[in-house]
Amino acid sequence: QVQVVETGGGLVQEGGSLRLSCTASGPAFDGYAVGWFRQAPGKEREGVSCTTWSGGRTFYVDSVKGRFTGSRDVAKNTHYLQMTGLQPEDTAMYYCGACSAIAGTVIPVHRHASSWGQGTQVTVSA
């Protein structure tokens, strides 16, 4: 059974920072790289980062490179996304999920709704 809980979202002003956390367990996560995805109203879900299972390396898409930092605390089985320099276009619901980095993008390994949590809302005001 997959258990996913994302926390840490909120309302911040442009240029502000937030740290998202994700605790996840179950076959949809165990042994996979885990990343962060976001979905804005009316848009498709997009991947923004993908961290290896060991937590040693993270891939970022160009739109967040240099501003977002993905990491994993192995002991706590928790994944983080430190976001700085937030912009209004970062406003979205953020989710964590098993990921793969291919050709400059981050794609989900599992697409079924049962592999995703409720997400955490990030809103950036101009």
Side-chain angles (χ1 to χ4, degrees):
Q1 183 177 357
V2 174
Q3 294 183 327
V4 187
V5 178
E6 301 100 339
T7 59
L11 172 63
V12 297
Q13 291 187 334
E14 185 173 358
S17 300
L18 284 173
R19 189 176 82 153
L20 307 183
S21 300
C22 164
T23 56
S25 62
F29 284 85
D30 294 346
Y32 287 99
V34 175
W36 289 89
F37 300 79
R38 65 187 181 186
Q39 187 167 19
K43 294 187 177 181
E44 293 187 356
R45 188 171 299 185
E46 64 166 342
V48 298
S49 71
C50 188
T51 299
T52 56
W53 176 248
S54 68
R57 187 169 59 180
T58 301
F59 172 84
Y60 304 95
V61 297
D62 288 344
S63 60
V64 306
K65 199 173 293 183
R67 300 189 297 125
F68 290 10
T69 303
S71 62
R72 178 174 184 252
D73 186 322
V74 175
K76 296 181 179 179
N77 197 25
T78 300
H79 308 269
Y80 302 98
L81 185 67
Q82 178 69 48
M83 305 186 294
T84 62
L86 283 163
Q87 302 297 314
E89 52 265 36
D90 295 318
T91 295
M93 187 71 79
Y94 282 71
Y95 305 85
C96 67
C99 61
S100 183
I102 299 176
T105 65
V106 173
I107 61 173
V109 173
H110 311 295
R111 296 186 182 273
H112 195 277
S114 63
S115 299
W116 299 91
Q118 295 300 308
T120 186
Q121 178 68 39
V122 172
T123 304
V124 184
S125 62

Would you say [X]'s side chain and [Y]'s backbone share a donor-acceptor pair under 3.5 angstrom?
X: H110; Y: H112; result: no
X: S21; Y: Y80; result: no
X: N77; Y: A24; result: yes
X: T69; Y: Q82; result: no

Minimal non-hydrogen separation, [X] against [Y], with atom names:
X: A101; Y: C50; result: N-SG, 4.2 Å
X: G55; Y: R72; result: CA-CB, 4.1 Å
X: Q87; Y: G85; result: NE2-O, 3.1 Å
X: Q121; Y: A92; result: NE2-O, 3.4 Å
X: K43; Y: Q39; result: O-NE2, 3.1 Å
X: S63; Y: R38; result: OG-NH2, 3.7 Å

Exercise. Yes or no on side chain to side chain contact (heavy atoms under 4.5 Å, CB included) for T51 and V34, after CA distance, side-chain angles and deciding distance?
Worked result: CA-CA 5 Å; T51 299; V34 175; 5.9 Å; no
Exercise. What residues join I102 in its hydrophobic cluster, counting side-chain heavy atom gaps under 4.5 Å, either direct or through other members?
Worked result: I107
For this session: Starting from V124, walk the hydrophobic network (Ile, Leu, Val, Met, Phe, Trp, Tyr; side-chain heavy atoms closer than 4.5 Å) and list everyone else you reach, by chain and number.
Result: V12, L18, L20, W36, F37, V48, F59, Y60, V61, V64, F68, L81, M83, L86, M93, Y94, Y95, V106, W116, V122
Exercise. Rounded to the nearest 0.5 Å, how far does OG1 of T123 lie from CG of D90?
Worked result: 11.0 Å
Exercise. Is the number of heavy atoms from other residues, nucleotides or ligands under 6.0 Å of Q118 CD greater than 12?
Worked result: no
For this session: Evaluate whether atom CD of Q13 has more than 12 neighbouring non-hydrogen atoms of other residues, nucleotides or ligands under 6.0 angstrom away.
Result: no
Exercise. Quick one: are T58 and S71 in side-chain contact, heavy atoms under 4.5 Å?
Worked result: no
Seminar exercise, completed: Sorted by chain and residue number, the salt bridge (Lys or Arg N to Asp or Glu O under 4.0 Å) partners of R45 (sequence neighbours excluded) come out as none
